[in-house]
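Quick note on labels: first sequence line is chain A, next is B, and so on, each numbered from 1. Remember, it's a predicted structure, so these values are computed and weren't measured experimentally.
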Number of protein chains: 2
Amino acid sequence: MQDAVLAMLAKQPAHGYHLHALLRRALGPLGESMNRGQIYVTLSRAERAGLVVCERTEGLPERPERKVYALTAAGHQRVAAWLAEVGRPKPDLAEFHLKLFAAAAARLADPVELVAAQRRELLRRLREAHQAALAEPAGSGAGLLLEGVVLRLQADLRWLESCERAWSTVDDEAEDG
Amino acid sequence: MQDAVLAMLAKQPAHGYHLHALLRRALGPLGESMNRGQIYVTLSRAERAGLVVCERTEGLPERPERKVYALTAAGHQRVAAWLAEVGRPKPDLAEFHLKLFAAAAARLADPVELVAAQRRELLRRLREAHQAALAEPAGSGAGLLLEGVVLRLQADLRWLESCERAWSTVDDEAEDG
DNA sequence: TAGCCAATAGATAGCGGTTACCTATTCGGG
DNA sequence: CCCGAATAGGTAACCGCTATCTATTGGCTA
């Protein structure tokens, strides 16, 4: 979450409500369950960590609502690192999806290359899972679990093919609003 | 995690290290990354919540190592609720796997019925995802994400078939050690 | 005009998951 | 006799997430 929020700030400074709207739009129906308060928790923690700063210049001078946050240099580094890394311990569909969105919107990375890197990682894990499954005794619980992992990895690889098709034909549709 | 730890205590009281070993064995290669300290964090929080109590009777009287925890009545209720519920917001492969394990070990529920309930839930979500995908404009990011969700759900359904095969032939292999 | 509701905007308390790190004992082998 | 592995217990701090609260603005209606 923190990475996704920071990545949304990479293109331009914004206030919490706007970030929330961006994330919801990027996630579609899956984003409807997102809690708005989480954005502010995430932003305040990122501010404490020095990844963002608040410039509360928006609105009338007497009513400084709309706290506008901007990425610091450390924040930009963090975003770049997030986009560069693959194969986190928690492979999340939505997280990778947001990564593609942010990369395209902020022109920080090529989505097609991100897809290729992710595919390499998933193939690597698929090999690992197969090997691990072979090492398990037949009928063991762990073997069954590994079978589930394999099936999911295969499904994710098929999804990546769709991602590649979609993002290789897109050039400038990643608008912000 | 908390639910899984509590479920491991449903069969008999145990101390943290033993619970850790049980979870690692149940998860196989996927459990190797589990941090041991997490068990103690989980147990202390469960104790604060009144779900477990500590009977530090094991070991010599002068050296009360091996804190043995036991479920309270509230803890048993919690475990029963965990086994009864389906379709959490976070469908996790390992969590369901552990649920089957715990249900079989503690004789608290029929694994085959749990599989059937899970399949009903996944089919329901599959219908939802399909409907949501139809409502999305073609080529939108959210539609792509929904396609990934559908592929994963289909993979999980295939995995459930393997689970059913495996657990319908098992009767008493869920030993504890 | 007063009342009400939705959208906008921000925030906090608290739980649970996770990691990184620390301590202490026991026991066998070099 | 010391060293290291296995066993056993623990803490601090972070992040994700939910439930809940406040406040303003603007429009609609009774």
Pairwise 5' ranking along DNA chain C for Thr42(B) and Gly16(A), keeping only the more 5' one: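 It is Gly16(A) whose nearest nucleotide is closer to the 5' end.
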
Rounded to whole angstrom units, what separation is found between the [atom1] atom of [X] and the [atom2] atom of [N]?
{"X": "Arg24(B)", "N": "dA6(D)", "atom1": "CZ", "atom2": "P", "value": "11 Å"}
{"X": "Asp3(A)", "N": "dC14(D)", "atom1": "CG", "atom2": "C1'", "value": "13 Å"}
{"X": "Met34(B)", "N": "dT19(C)", "atom1": "CE", "atom2": "P", "value": "10 Å"}
{"X": "His20(A)", "N": "dA11(C)", "atom1": "NE2", "atom2": "P", "value": "15 Å"}
{"X": "Leu43(B)", "N": "dG17(C)", "atom1": "CG", "atom2": "C1'", "value": "14 Å"}
{"X": "Leu22(B)", "N": "dA8(D)", "atom1": "CG", "atom2": "P", "value": "12 Å"}
{"X": "Lys67(B)", "N": "dT25(C)", "atom1": "NZ", "atom2": "P", "value": "16 Å"}
{"X": "Ile39(B)", "N": "dG9(D)", "atom1": "CD1", "atom2": "P", "value": "11 Å"}

When you compare the protein's N or O atoms with those of nucleotides 6-8 of chain C, which come within less than 3.5 Å of each other, and at what distance?
from   : atom 1 : to       : atom 2 : distance (Å)
dT8(C) : OP2    : Tyr17(A) : OH     : 3.0

DNA chain C-proximal residues of residues 69-77 of chain A, any heavy atom under 4.0 Å: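 When residues 69-77 of chain A is checked for heavy atoms under 4.0 Å from DNA chain C, there are no hits whatsoever.
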
Which residues share a ring pair (Phe, Tyr, Trp, His ring centres under 6.0 Å) with His20(A), sequence neighbours left out: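 Applying ring pair (Phe, Tyr, Trp, His ring centres under 6.0 Å) to His20(A) gives none.
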
Pairwise 5' ranking along DNA chain D for Val41(B) and Gln2(A), keeping only the more 5' one: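 The 5'-side residue here is Val41(B).
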
Between Ser162(A) and Arg165(A), a side-chain donor and acceptor under 3.5 Å: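 Indeed, the side chains of Ser162(A) and Arg165(A) share at least one donor-acceptor pair under 3.5 Å.
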
Can you sort out the partners of [X] under salt bridge (charged side-chain N to carboxylate O under 4.0 Å, His left out), two or more places apart, ordered by chain and number?
{"X": "Arg119(B)", "answer": "Glu164(B)"}
{"X": "Glu147(B)", "answer": "none"}
{"X": "Glu128(B)", "answer": "Arg124(B)"}
{"X": "Arg78(A)", "answer": "Asp3(A)"}

Shortest side-chain distance from Met1(A), nucleotide among dA9(C), dG17(C), dC17(D):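 Out of dA9(C), dG17(C), dC17(D), the nucleotide with an atom closest to Met1(A)'s side chain is dC17(D).
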
Asn35(B), nearest nucleotide to its side chain (from dA13(C), dA20(C), dG17(C)):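 Looking only at heavy atoms from C-beta outward on Asn35(B), the closest nucleotide is dA20(C).
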
Parallel, tilted or perpendicular: ring planes of Trp159(A) versus His97(A), cut at 30 and 60 degrees: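 Tilted.
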
Residue list, side chain to side chain contact (heavy atoms under 4.5 Å, CB included) with [X], at least two apart or on another chain:
{"X": "Val149(B)", "result": "Leu30(A), Leu93(A), Ala129(B), Leu153(B)"}
{"X": "Glu113(B)", "result": "Asp110(B)"}
{"X": "Ala133(B)", "result": "Leu146(B)"}

Phosphate OP1/OP2 of dG17(C) contacted by Gln38(B) side-chain N/O (<4.0 Å):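 False: Gln38(B) side-chain N/O out of range (4.0 Å or more) of dG17(C) OP1/OP2.
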
Those residues of residues 44-53 of chain A lying under 4.0 Å from DNA chain D by at least one heavy atom: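 Arg45(A), Arg48(A) - these, ordered by number, are the residues of the stretch whose heavy atoms sit under 4.0 Å from the strand.
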
Under the side-chain hydrogen bond (donor to acceptor under 3.5 Å, both in side chains) test, residues paired with Gln2(A) that sit two or more places apart: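 Checked Gln2(A) against side-chain hydrogen bond (donor to acceptor under 3.5 Å, both in side chains); zero matches.
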
Phe96(B) vs Asp156(B) side-chain heavy atoms within contact, under 4.5 Å: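 No; the side chains remain at least 4.5 Å from each other.
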
